[in-house]
Amino acid sequence: MRNLIRQWLALDADINELIAQKEKLNKDFYLQQTLKVAEDLIGKVFVKIEGKEILAGIIAETEAYLGDNDRASHSYRGVSKRNEAMFEEGGILYIYKIFGIHYCANIVTEQKDVGSAVLLRSLIPISGIEKMQNRRKTSDLYKLCRGPGNSAKSLSLDYLFNKHSLLDDKLFILNTSLSEKYIIAKGSRIGISKDEHLPYRFFIYNCPFVSGKKIFQNAQKILNS
DNA sequence: GCAAGGATCTAA
DNA sequence: TAGATCCTTGCC
């Protein structure tokens with residue numbers, strides 16, 4: 001597994017070192033523009049601590065859902081019982097269930113009442129892999145956290161975590177710079193029927209942990225600045 | 001290719 | 001209150 005990760009992110013530190021060395025993303029990060037947050041989250045490490053077990057993955061794929069005139073966003077028609085987390089101040093989770101089957105985890109962004117969030121689509125698992133394999137009932141590392149439903153299942157993110165803070169000691173995102181070693185690309189969001197042309201999906205280019213069959217189609221590389 | 005599966009929203 | 005929709009997945 002370590003070789004597999006090295007191949008993609010040249011990650012040398014183990015998870016405990018990483019947590020000890022790196023800062024958590026703070027509130028100000030989440031209050032930024034949603035598209036910037038979605039792009040900047042690529043390469044960061046999502047961490048969930050369950051007892052003595054550390055579950056962690058490098059964020060490899062995100063999608064932005066804006067609060068301003070984005071017809072594909074759950075927030076488009078205003079506040080409802082389902083989406084009210086999206087209208088809170090940034091830095092918390094918004095969890096919803098799709099097709100009555102799969103949970104999907106979003107990271108709420110921007111100021112209160114904006115109604116924007118970033119969908120967590122895929123992770124590169126780096127810690128707690130056995131637990132993820134048990135939950136997903138597969139040992140295939142590429143498939144463990146590929147797609148929003150699978151990511152939420154691996155991390156066991158359900159309604160209990162709706163509105164949960166990401167500034168928590170057991171649930172946070174590390175401010176790493178791993179993405180500098182990879183090319184980030186953007187393209188169309190997946191599985192939506194409105195405004196599907198908007199390039200609001202961000203992902204690590206040519207990465208097998210990323211979902212979607214057409215990762216290169218309609219993809220545009222973003223050069224590291 | 002398509003069914004599972006249930007909450008949510010809209011229209012009446 | 002009925003009917004359509006849905007930021008998906010894994011099966012056929």
Side-chain angles (χ1 to χ4, degrees), chain A residues 30 33-39 41-42 46 57 59-88 90 92-110 114-125 132-164 166 173 185-204 208-215 217-219:
Chain A
Y30 299 106
Q33 272 203 343
T34 306
L35 286 168
K36 176 169 171 49
V37 174
E39 182 179 337
L41 278 174
I42 302 295
F46 191 100
I59 299 173
E61 182 186 8
T62 61
E63 283 177 1
Y65 288 87
L66 309 189
D68 177 36
N69 206 30
D70 178 359
R71 288 182 297 157
S73 174
H74 283 177
S75 62
Y76 183 66
R77 290 182 190 82
V79 187
S80 70
K81 191 175 181 184
R82 177 177 66 165
N83 69 16
E84 60 184 14
M86 285 185 83
F87 291 86
E88 300 279 324
I92 65 170
L93 289 177
Y94 162 47
I95 311 281
Y96 68 87
K97 213 173 191 180
I98 180 75
F99 287 87
I101 308 171
H102 309 287
Y103 292 102
C104 296
N106 297 254
I107 291 145
V108 177
T109 58
E110 305 196 38
V114 172
S116 54
V118 173
L119 175 64
L120 199 63
R121 287 196 61 92
S122 299
L123 302 170
I124 301 172
M132 293 181 187
Q133 287 171 328
N134 289 337
R135 285 174 176 161
R136 293 273 295 101
K137 302 199 190 324
T138 176
S139 57
D140 186 332
L141 295 171
Y142 290 129
K143 292 181 181 170
L144 276 188
C145 303
R146 181 159 65 196
N150 293 334
S151 297
K153 188 160 191 183
S154 282
L155 293 168
S156 199
L157 293 171
D158 55 21
Y159 285 145
L160 290 174
F161 289 91
N162 194 34
K163 300 187 183 177
H164 198 289
L166 286 165
I173 301 174
K186 64 178 173 180
S188 299
R189 292 176 290 187
I190 291 176
I192 60 171
S193 54
K194 296 163 194 154
D195 287 342
E196 60 269 36
H197 58 284
L198 295 171
Y200 289 176
R201 172 169 173 260
F202 301 88
F203 54 97
I204 297 176
F209 294 88
V210 166
S211 73
K213 289 162 192 163
K214 310 174 194 168
I215 26 179
Q217 216 166 302
N218 197 13

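These numbers come from a predicted model, not from an experiment. Heavy atoms only: backbone and side chains are in, while hydrogens, waters and symmetry mates are out.
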**OP:** Quick one: which residue pairs count as a salt bridge (Lys or Arg N to Asp or Glu O under 4.0 Å) with a foot in residues 76-85 of chain A, not counting sequence neighbours?
**Re:** A:Glu84-A:Lys163

Subject >> Residues in side chain to side chain contact (heavy atoms under 4.5 Å, CB included) contact with A:Leu35, at least two apart in sequence or another chain >> reply: A:Ala64, A:Leu66, A:Tyr200, A:Phe202

Subject >> Lys/Arg-Asp/Glu bridge criterion (N-O < 4.0 Å) met for A:Asp70, A:Arg189 >> reply: yes

Original post:
If we ignore angles and hydrogens, is there a donor and acceptor under 3.5 Å between the side chains of A:Gln133 and A:Thr138?
Top reply: no

Original post:
Side-chain N or O of A:Lys194 less than 4.0 angstrom from OP1 or OP2 on C:dC6?
Top reply: yes

Subject >> side chain to side chain contact (heavy atoms under 4.5 Å, CB included) partners of A:Phe161, counting only residues at least two apart >> reply: A:Lys48, A:Leu93, A:Ile95, A:Leu157, A:Asp158, A:His164, A:Leu171

Original post:
Using a cut-off of less than 4.0 Å, is there contact between a side-chain N or O of A:Arg121 and OP1 or OP2 of C:dT8?
Top reply: yes

Original post:
side-chain hydrogen bond (donor to acceptor under 3.5 Å, both in side chains) with A:Ser80: which residues, sequence neighbours excluded?
Top reply: A:Asn83

Original post:
Could you state the CG-P distance from A:Asp140 to C:dC11, rounded to the nearest angstrom?
Top reply: 12 Å

Subject >> A:Arg189 CZ to C:dT8 C1', straight-line distance once rounded to whole Å >> reply: 16 Å

Sequence neighbours excluded and cut-off under 3.5 Å, please list the side-chain donor-acceptor pairs for residues 97-106 of chain A, or say none.
unit_1   : atom_1 : unit_2  : atom_2 : d
A:Asn106 : ND2    : A:Tyr94 : O      : 3.2

Original post:
What is the nucleic acid contact for A:Arg136, judged by heavy atoms within less than 4.0 Å: base, sugar-phosphate only, or nothing?
Top reply: sugar-phosphate

Original post:
C:dC7 base to A:Tyr96 side chain: any donor-acceptor pair below 3.5 Å?
Top reply: yes

Original post:
So, is A:His102 close to the C:dT9 phosphate, meaning a side-chain N or O under 4.0 Å from OP1 or OP2?
Top reply: no

**OP:** Report the residues that fulfil side-chain hydrogen bond (donor to acceptor under 3.5 Å, both in side chains) with A:Ser73, sequence neighbours left out, ordered by chain and then residue number.
**Re:** A:Ser75

**OP:** Report the distance from atom NE2 of A:His74 to atom P of C:dT5, rounded to the nearest whole Å.
**Re:** 15 Å

Original post:
Would you say A:Ser193 reaches C:dT5's phosphate, i.e. side-chain N/O to OP1/OP2 under 4.0 Å?
Top reply: no

Original post:
When the distance from CZ of A:Arg146 to C1' of C:dG10 is rounded to whole Å, what number comes out?
Top reply: 12 Å

Subject >> Bracket notation of DNA chain B in which parentheses pair within the strand, [ ] cross earlier pairs, and | pairs with another strand (Watson-Crick or G-U, under 3.5 Å) >> reply: ||||.||||||.

**OP:** Applying side chain to side chain contact (heavy atoms under 4.5 Å, CB included), name anything that partners A:Thr109, two or more places apart in sequence or on another chain.
**Re:** A:Thr34, A:Val37, A:Ser116, A:Val118

**OP:** Please tell me which of A:Lys143 and A:Tyr94 maps to the more 5' nucleotide of DNA chain C, matching each residue to the nucleotide holding its nearest heavy atom.
**Re:** A:Tyr94

Original post:
How does protein contact run along nucleotides 6-12 of chain B, one letter per nucleotide 5' to 3', with B for base contact, S for sugar-phosphate only, - for none, heavy atoms under 4.0 Å?
Top reply: B-SSS--

